[in-house]
Amino acid sequence: MDRDNILLTPGPLTTTLRTKLSMLRDWGSWDSEFNAVTARLRQSLLAIVHGQDSHVVVPLQGSGTFSVEAAVATVVPRHGHVLVLDNGAYCKRAARLTQMMGRRCTVVAFADSEPVSASVLEQHLQSDPSVTHVVMIHCETGAGVLNPLHDVAQVCERHGKGLIVDAMSSFGALPIDARTVRFDALIAASGKCLEGVPGMGFVFLRKAIVDACAGNSQSLAMDLHDQYVYMEKTGQWRFTPPTHVVVALAEAVSQFEAEGGQSARLARYTDNYQTLTRGMAALGFKPFLDPSVQAPIIVTFHAPGDPRYDFRQFYAAAKARGFILYPGKLTELETFRVGCIGAIGRNEIEQAVHAVALALQDLGIASGRPREFA
Ligand SMILES: *Cc1c(COP(=O)(O)O)cnc(C)c1O
């Protein structure tokens with residue numbers, strides 16, 4: 001039986017056969033059966049963050065970035081002022097789209113090897129009261145750093161600022177509780193830790209701010225308030241829904257629930273992460289991050305110091321064994337990334353480490369030890 005390549009990337013991810021098979025049907029977007037799938041899915045998503053009382057969830061067509069852009073455009077008034085806590089590539093993308101939406105944007109920069117700091121945020125909010133909203137990335141997928149959501153949310157609440165959280169690569173795996181962490185918008189997508197297929201995002205909006213969002217968006221297609229109002233009224237998506245993606249996500253979420261929900265998923269990913277780092281260490285590889293700031297989602301490794309190393313060849317050699325690696329996203333250092341997420345477990349990670357060992361052999365490299373550690 002042939003097996004798909006195992007995707008060790010930050011999405012799209014390896015999905016289960018059940019999830020793949022759920023896509024072998026055509027659905028009418030207007031049909032009540034499909035609308036029931038959407039409604040059930042929205043309930044399940046709200047339950048994952050314990051947000052039934054405090055939040056609504058609005059799905060949106062497109063990749064995850066579409067939903068981040070939609071959230072900023074919908075939640076931040078045209079004359080709002082957004083402060084972006086920046087410790088990596090996805091933060092920079094959020095700042096860029098905020099500027100392109102025409103919102104005033106201040107970027108507070110941190111090193112990409114460190115979490116953003118709630119106390120530095122507090123100083124900025126004290127010195128610049130014009131800030132209306134803060135944007136943070138929960139797990140910065142660029143390097144793999146876990147950012148302090150709880151602390152940042154507390155500072156925002158204390159200062160009366162809106163908080164927009166890109167939780168794309170953490171949602172479903174790391175704990176997020178809307179009863180104890182106050183956010184105005186939190187964004188995730190189908191093709192990440194819920195292990196659906198890519199094609200839609202979803203945004204949790206705090207009920208208390210939903211009405212005030214009317215008219216903020218300068219985009220028709222990306223207006224989450226409009227999408228929400230229409231969906232509440234009709235049970236339907238405003239424009240053509242990605243029907244197969246929705247049904248696959250509903251199927252993936254039912255497997256997520258059967259597995260034991262967020263805590264079970266975190267346990268599996270943590271085991272994947274530990275198996276990966278142990279195996280890679282035995283081959284001489286060094287992770288870029290200190291383990292204390294590392295989320296068990298995606299690991300950045302230094303490139304081997306051996307002059308024969310070439311990422312493209314290394315990638316091709318791992319792919320020949322059925323494993324898809326991911327390039328690094330740091331500007332200063334040569335790195336590559338390996339994801340711990342998706343419908344995979346310890347066996348697949350052990351096989352992946354073995355494939356990496358064989359890839360090194362192919363390239364004639366004795367050890368993964370980077371130059372910095374020679
Ligand atoms: C994957 C991801 C996104 C969305 O990326 P798309 O390519 O648009 O799906 C946004 N933020 C973070 C932190 C991510 O990991």
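Ligands are counted one by one from 1 in listed order, and the atoms in each one are counted from 1 as well.
- For atom 15 (O) of ligand 1, the nearest protein heavy atom (residue, atom name, distance) is T141 OG1, 2.5 Å.
- The OG1 atom of T65 sits 6.0 Å away from the CE atom of M168 when rounded to the nearest 0.5 Å.
- Counting heavy atoms under 4.0 Å from ligand 1, residue E140 does not touch it at all.
- Neither the backbone nor the side chain of P198 comes within 4.0 Å of ligand 1, counting heavy atoms alone.
- Taking each of E69, K192, R93 in turn, the one with a heavy atom nearest to atom 14 (C) of ligand 1 proves to be K192.
- A salt bridge does not link D310 to R312: none of the charged nitrogens lies less than 4.0 Å from a carboxylate oxygen.
- Cation-pi geometry between K319 and F314 is not satisfied (NZ or CZ under 6.0 Å from the ring centre, within 45° of the ring normal).
- Only the side chain of D166 comes within 4.0 Å of ligand 1, counting heavy atoms alone; its backbone N, CA, C and O stay farther away.
- The N/O atoms of G64, backbone and side chain alike, include one that comes under 3.5 Å of an N/O atom in ligand 1.
- Taken to the nearest 0.5 Å, the CZ atom of R265 stands 12.5 Å off from the OG1 atom of T270.
- Ranking protein heavy atoms by distance to atom 3 (C) of ligand 1, first place goes to M168 CG, 3.5 Å.
- Note on ring orientation: taking the six-membered ring where Trp is involved, the planes of Y315 and F311 are tilted (angle from 30° to 60°).
- Between H55 and F183, the distance separating the two ring centers is shorter than 6.0 angstrom.
- Using a 4.5 Å cut-off on side-chain heavy atoms (C-beta onward), L60 and L224 make contact.
- The distance criterion of under 3.5 Å between nitrogen or oxygen atoms is not met by Y90 with respect to ligand 1.
- The shell of residues lying under 4.0 angstrom from ligand 1, judged by heavy atoms, excludes H138.
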